[in-house]
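For reference, the structure is listed below as structure tokens.
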2 protein chains.
Amino acid sequence: MPRKPNHDRNELIARARDLFWRQGWAGTSLKDLEAVLKMKPGSFYAAFGSKEALFEIAMDKYAEDGAGRLAELVEAHGPMAALKRYPELAICREEAPAKACMLSKTLLELQAHGHPLAKRASAHLMGMEEQFAALFSQMQQDGEIAATHDPKSLARRYQSDLLGLRVSAEREGIDAHAIAREIAEGLDRL
Amino acid sequence: MPRKPNHDRNELIARARDLFWRQGWAGTSLKDLEAVLKMKPGSFYAAFGSKEALFEIAMDKYAEDGAGRLAELVEAHGPMAALKRYPELAICREEAPAKACMLSKTLLELQAHGHPLAKRASAHLMGMEEQFAALFSQMQQDGEIAATHDPKSLARRYQSDLLGLRVSAEREGIDAHAIAREIAEGLDRL
DNA sequence: TATATACTTGAGTGATCGCTCAAGAAACCC
DNA sequence: GGGTTTCTTGAGCGATCACTCAAGTATATA
């Protein structure tokens, strides 16, 4: 009996994610979303409920895709090579709407108001860090790095370096690839 | 003939800077500013012209004060010790309205819209980096670090580490002091 | 004290914000 | 084709946005 939607929901979420990623929470109006998604307000709210609900879905997709890309990298090249390649990969993608991390952007923008989306961004960052820690841990078991380090500390520092790199990559006149290279080389000293 | 202003302009700018620093550009409404500055709209616009103009002044003050604190540190302890202490100092101040850097927050929030304030934040970041580069350069002349490094590259990396640290410090459940310590220790390897 | 000159006040401007909802259009079942 | 159901449409809601301005108040000089 029903009529099927005109749009592919997954594609809509991806487009919304890119817009939010680029422009942030307050920087993205419903008019912007309507234009990019080619939806009128009524359809938009029927499909997603609210701007905040869509942002949450979009951010979840962002985190999921990022974790997936890292997992693929590990699958293909092992933990060490994956962590060495990841920084460059994070800033080189031409199709990405921004160099900086959507999670950190969201955290910095909304943290002060205690916004739920900031808490969720924070949780996703912690999830990434656990993924990093697991890789460092595995590298220790494989004897690739010294067993004296605390995997969680290594992950914390790696995450921090990554966040710094991706803020730097947003600046003009900065050779972020050089920083990415240095982060990768830093892993050799472990 | 004239009546003198009720408020100290410098103090007003400091309070505005703290509010903008914490809440960002879009996150700070004129109502917020009126409350913190205890000014009605008329006075506000007579004194500062616009929200954007005040933000610019506030950000300039932020950059100036930051540069001043580093200069004092250098004066007191020399370049190496200053750069080793600066990361911890950047995140430990209790009275600071946020751990993250106001310049990076502004850059990330407004860059996508090509906002003039983002360009100005970027310029200030570059100014900081030049200050760092000058210190690394001086350390080479003093024989404190190897002469083989490029001071500008060192400064770029140090700045990136600092930005990452200060984003990390904004997260909950992260021991940022440990990261600050690691950044300081990293300078020993030069 | 009279006058001139800032500075302060706050109601109110148009624009934009996120969002609602009644009505119309399209796709399915029988 | 008729009836049902879902999706789409877009005018318009109240709230808030950054901002204005005419009127009022306080402080200076004369």
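Just so we're on the same page: letters track the sequence lines, and every chain starts at 1.
Legend: residues meeting salt bridge (Lys or Arg N to Asp or Glu O under 4.0 Å) with Arg181(A), ordered by chain and number and at least two apart, are absent. Lys61(B) is linked by a side chain to side chain contact (heavy atoms under 4.5 Å, CB included) to Asn10(B), Ile13(B), Ala14(B), Arg17(B), Asp65(B), counting only residues two or more places apart in sequence or in another chain.
One can place NZ of Lys31(A) at 12 Å from P of dA11(D), the figure rounded to the nearest angstrom. If you measure from atom OH of Tyr45(B) to atom P of dC17(D), you get 11 Å, rounded to the nearest angstrom. Between the CG atom of Leu30(B) and the P atom of dG12(C) there is a distance of 19 Å, rounded to whole Å.
Residues of residues 11-19 of chain B that place a heavy atom closer than 4.0 Å to DNA chain D do not occur. Heavy-atom distances under 4.0 Å link DNA chain D to Lys40(A), Pro41(A), Gly42(A), Ser43(A) of residues 32-44 of chain A, given in residue order. The stretch residues 49-56 of chain B touches DNA chain D through Ser50(B), Lys51(B), each having a heavy atom within less than 4.0 Å of the strand.
Met80(B) pairs with exactly one of Leu190(B), Leu187(B), Leu135(B) by the side-chain contact (heavy atoms from CB on, under 4.5 Å) rule, that one being Leu187(B).
Residues Phe48(B) and Phe44(B) place their aromatic rings such that the two centres sit under 6.0 Å apart.
Looking at heavy atoms from C-beta onward, Asp188(A) lies in side-chain contact with Lys84(A) at the 4.5 angstrom threshold. The shortest side-chain heavy-atom distance between Met139(A) and Leu154(A) does not fall under the 4.5 Å cut-off. Using a 4.5 Å heavy-atom cutoff, the side chains of Phe20(A) and Pro97(A) are not in contact.
Remark: Glu72(B) CD to Leu89(B) CG distance equals 10.0 Å, nearest 0.5 Å.
The ring-ring contact (aromatic ring centres under 6.0 Å, His included) pairs that include a residue from residues 98-129 of chain A are Trp25(A)-His115(A), where partners are two or more places apart or lie in different chains.
Counting heavy atoms of neighbouring residues, nucleotides and ligands inside a 6.0 Å radius, atom CZ of Arg15(B) exceeds 12 of them.
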